[in-house]
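Below is one structure, written out as C-alpha cells; the observations come after it.
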Amino acid sequence: MMGLTGCHLFGNMNFMGGGFLFYGIITLLIFIAIVYLFNNHQNSHQQNSALDILNRKYAQGKISDADYAKRKENLKN
C-alpha cells in the first residue's frame with residue numbers, strides 16, 4: 001500500500017526541482033484572476049450607479065430629453 005510519498009501527481013517536482021516555480025506561477029495566475037474579477041465587478045457597479053443617477057434626474061425632470069440621450073450614450077461608451 002502506497003502512502004502519500006508514492007503519489008507523484010506532478011512527477012518529481014519538489015520545491016527545489018522546479019516545483020517552486022510551477023506553484024508560484026499557479027498562485028500568481030489565481031491572484032491575477034481574483035484581482036481582475038474584483039476590478040471588473042467594481043467598474044460595472046460604478047457604471048450602473050451613474051446610469052441610475054441619470055435615470056433618477058431624468059425622471060425628476062431635472063434634465064431634458066436631448067441631454068438625457070446624450071449623457072446615456074456617453075455612459076455606454
Side-chain angles (χ1 to χ4, degrees):
M1 191 158 144
M2 282 192 216
L4 291 177
T5 58
C7 179
H8 297 288
L9 185 59
F10 296 109
N12 193 15
M13 288 183 122
N14 57 16
F15 282 107
M16 300 306 275
F20 184 73
L21 179 63
F22 175 76
Y23 291 116
I25 291 172
I26 295 297
T27 304
L28 183 64
L29 289 175
I30 291 171
F31 178 75
I32 290 171
I34 290 170
V35 168
Y36 173 77
L37 291 173
F38 181 72
N39 284 338
N40 195 18
H41 175 70
Q42 271 191 330
N43 289 340
S44 67
H45 180 66
Q46 288 174 352
Q47 188 175 18
N48 288 339
S49 295
L51 188 58
D52 290 340
I53 293 169
L54 179 64
N55 288 335
R56 193 176 319 121
K57 285 185 179 185
Y58 180 68
Q60 293 171 347
K62 293 182 178 180
I63 56 176
S64 67
D65 293 340
D67 195 27
Y68 172 76
K70 181 180 174 185
R71 290 182 186 194
K72 187 174 181 180
E73 186 63 32
N74 285 340
L75 286 175
K76 287 183 180 180
N77 294 332

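- In this structure, the side-chain contact (heavy atoms from CB on, under 4.5 Å) partners of Ile25, at least two apart in sequence or on a different chain, are Leu21, Leu29.
- For Ile26, the side-chain contact (heavy atoms from CB on, under 4.5 Å) partners at least two apart in sequence or on another chain are Phe22, Ile30.
- With sequence neighbours left out, the side-chain hydrogen bond (donor to acceptor under 3.5 Å, both in side chains) criterion links Asn74 to no other residue.
- Between Lys72 and Leu51, the shortest heavy-atom distance links the atoms CG-CD1, 4.1 Å.
- Listed by chain and residue number, Ala66, Asp67 satisfy the side-chain contact (heavy atoms from CB on, under 4.5 Å) test with Ser64 (two or more places apart in sequence, or in another chain).
- Here Glu73 pairs with nothing under the side-chain hydrogen bond (donor to acceptor under 3.5 Å, both in side chains) rule; sequence neighbours left out.
- Residues forming a side-chain contact (heavy atoms from CB on, under 4.5 Å) with Ile32 (at least two apart in sequence, or on another chain): Leu28.
- Within the 4.5 Å cutoff, the side chain of Val35 has heavy atoms near those of the Phe31 side chain.
- Counting only heavy atoms from C-beta outward, the side chains of Lys57 and Ile53 approach each other to under 4.5 Å.
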